[in-house]
Protein chains: 2
Amino acid sequence: MTVIFSKTCELGLQAVLFLSIKKEKRIFTAGEVSKELKVPKEYVSKVMQILTESGIIGSKKGKNGGFYLAKSPSSIKLIDIVEAIDGLEIFNNCVLGFPGCSNENPCPVHEKWGKLRDDAYKMLSNETLEQLKEKTLHKLVNL
Amino acid sequence: MTVIFSKTCELGLQAVLFLSIKKEKRIFTAGEVSKELKVPKEYVSKVMQILTESGIIGSKKGKNGGFYLAKSPSSIKLIDIVEAIDGLEIFNNCVLGFPGCSNENPCPVHEKWGKLRDDAYKMLSNETLEQLKEKTLHKLVNL
DNA sequence: CATAAATCGGATTTTTTATTCTGATAATAT
DNA sequence: ATATTATCAGAATAAAAAATCCGATTTATG
């Protein structure tokens with residue numbers, strides 16, 4: 001079981017982080033990313049297609065093709081990837097699954113969860129890939 | 001898509017909250033809970049079985065049977081239900097899905113997520129059903 | 001221009017999760 | 001004591017999500 005993101009989203013985040021620590025415009029095949037992250041090539045391919053559609057990464061077909069960051073690491077945030085793959089519903093839905101949870105008709109943990117949810121959103125939307133570069137580098141070399 | 005808990009866990013939380021606002025030892029059939037929470041009777045039945053196994057609620061078979069809280073609302077916490085159904089892995093696993101995420105080999109958001117995760121855990125383990133009673137009551141009458 | 005290498009995108013398979021069905025069991029009433 | 005009723009609890013089914021496969025297409029290179 002995953003923590004809050006779908007497994008596909010986790011992989012998307014990992015893949016984009018991987019691209020962000022490499023030189024700009026350097027291109028990687030799904031196979032290369034797959035090898036580095038130790039996940040199936042086909043699954044990487046699938047996930048990167050989704051991210052290509054949403055404009056976060058670019059793809060080049062044919063020989064010497066592959067995937068690359070479409071924007072600079074300083075203008076991409078983790079929340080962008082989450083939004084592209086899982087969407088933002090988790091930041092709106094009731095954590096207990098009650099229908100119609102709102103400030104007017106709150107669930108028992110509405111207020112407390114709201115604070116946590118906002119903090120999580122901030123965490124994902126404040127820092128850019130550029131700012132995470134060093135930490136990312138360190139983690140990926142130790143995979 | 002759910003927020004962090006499985007749908008089964010959400011229903012478990014709702015069902016236990018429902019029982020907690022009723023007089024102690026009062027017994028409810030799966031059908032009654034189902035009607036109140038507006039979810040299929042069979043699914044309620046299934047979820048309450050799991051909670052019965054883990055000792056949070058009790059069950060009585062036969063005519064006039066049903067389910068009831070096995071302990072007092074002041075000694076049950078939301079985390080107990082989460083643990084019984086989804087387990088506590090979400091409080092240990094890496095939010096980005098990286099293997100071997102730890103203080104020694106942290107992912108890019110390890111520290112920040114750790115804080116959020118601990119806050120969430122606290123939220124679920126600090127308050128008892130008794131303390132949530134009023135809020136629960138208010139929410140359930142408005143379903 | 002033909003070949004090789006690589007993606008794309010849909011289709012398929014597998015796995016997990018959600019939901020429903022059914023038989024065994026328990027309790028009440030006659 | 002037996003029949004009847006209503007439950008629980010496990011098994012079976014359906015639905016959703018994850019993972020994989022494959023053919024069509026694209027592009028660089030010889």
Side-chain angles (χ1 to χ4, degrees), chain A residues 1-15 19 25-35 37-70 82 84-87 89-90 93 97, chain B residues 1-15 19 25-35 37-70 82 84-87 89-90 93 97:
Chain A
M1 190 175 172
T2 60
V3 178
I4 32 171
F5 307 129
S6 70
K7 214 160 185 195
T8 302
C9 188
E10 288 183 350
L11 177 50
L13 288 162
Q14 293 184 13
L19 291 178
K25 283 294 171 190
R26 172 111 204 259
I27 227 172
F28 291 87
T29 69
E32 288 173 310
V33 178
S34 151
K35 210 169 275 180
L37 298 177
K38 299 180 174 53
V39 285
K41 171 177 163 308
E42 294 82 3
Y43 197 18
V44 168
S45 176
K46 181 98 217 152
V47 172
M48 297 192 101
Q49 274 173 42
I50 299 172
L51 293 172
T52 301
E53 270 176 33
S54 56
I56 293 166
I57 64 182
S59 75
K60 190 184 167 204
K61 284 188 175 181
K63 202 169 182 180
N64 301 328
F67 298 95
Y68 54 88
L69 277 194
V82 172
I85 300 179
D86 280 353
E89 302 94 62
I90 59 164
N93 294 348
Chain B
M1 190 176 172
T2 59
V3 178
I4 31 171
F5 307 128
S6 70
K7 214 163 184 193
T8 302
C9 189
E10 288 183 351
L11 178 49
L13 288 161
Q14 293 184 14
L19 291 179
K25 284 290 169 191
R26 185 139 179 238
I27 229 172
F28 290 87
T29 69
E32 287 173 310
V33 178
S34 151
K35 209 170 274 179
L37 298 177
K38 298 178 172 53
V39 284
K41 168 176 163 313
E42 292 84 1
Y43 197 18
V44 168
S45 176
K46 179 95 219 158
V47 173
M48 297 192 100
Q49 275 173 44
I50 298 172
L51 294 172
T52 300
E53 272 177 30
S54 56
I56 294 166
I57 64 182
S59 75
K60 190 186 167 200
K61 283 188 173 182
K63 206 168 180 181
N64 302 326
F67 298 94
Y68 54 90
L69 278 194
V82 172
I85 299 179
D86 280 353
E89 303 95 62
I90 59 165
N93 294 348

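Naming convention: chains lettered A, B, ... in sequence-line order (proteins, then strands); numbering from 1 in each chain.
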Separation of [N] [atom2] from [X] [atom1] (nearest whole Å):
| X | N | atom1 | atom2 | result |
| --- | --- | --- | --- | --- |
| B:I27 | C:dA27 | CD1 | C1' | 11 Å |
| B:I85 | C:dA18 | CD1 | C1' | 13 Å |
| A:M48 | C:dT7 | CE | P | 10 Å |
| A:F67 | C:dT7 | CZ | P | 6 Å |
| B:F28 | D:dC8 | CZ | C1' | 18 Å |
| B:D86 | C:dA18 | CG | P | 8 Å |
| B:L11 | C:dT19 | CG | P | 9 Å |

Anything under 3.5 Å between a donor and an acceptor, one on a side chain of residues 45-61 of chain B, the other on a protein residue two or more places apart or in another chain? List them.
from, atom 1, to, atom 2, distance (Å)
B:T52, OG1, B:M48, O, 2.6
B:S54, OG, B:I50, O, 3.3
B:S54, OG, B:L51, O, 3.3

Donor-acceptor pairs are to be reported for all side-chain atoms of residues 1-15 of chain A against protein atoms at under 3.5 Å, with residues two or more places apart or in another chain.
from, atom 1, to, atom 2, distance (Å)
A:T2, OG1, A:F5, O, 2.7
A:S6, OG, A:C9, N, 3.1
A:S6, OG, A:D86, OD1, 2.6
A:T8, OG1, A:Y43, OH, 2.7
A:Q14, NE2, B:L96, O, 2.9
A:Q14, NE2, B:G97, O, 3.2

Distances for protein N/O vs nucleotides 12-19 of chain D N/O pairs under 3.5 angstrom?
from, atom 1, to, atom 2, distance (Å)
D:dA19, OP1, A:K7, NZ, 3.0
D:dA19, OP2, A:Y43, OH, 2.6

Applying side-chain contact (heavy atoms from CB on, under 4.5 Å) to A:E32 and not counting sequence neighbours gives A:R26, A:F28, A:T29
Contact check, residues 49-63 of chain A vs DNA chain D, heavy-atom distance under 4.0 Å, returns A:K60, A:K61, A:G62, A:K63
At 4.0 Å (heavy atoms only), tell me whether A:G66 reaches a base, stays on the sugar-phosphate, or touches nothing. sugar-phosphate
Assign each of B:S45 and A:N64 the nucleotide of DNA chain D bearing its closest heavy atom; nearer the 5' end lies the nucleotide of B:S45
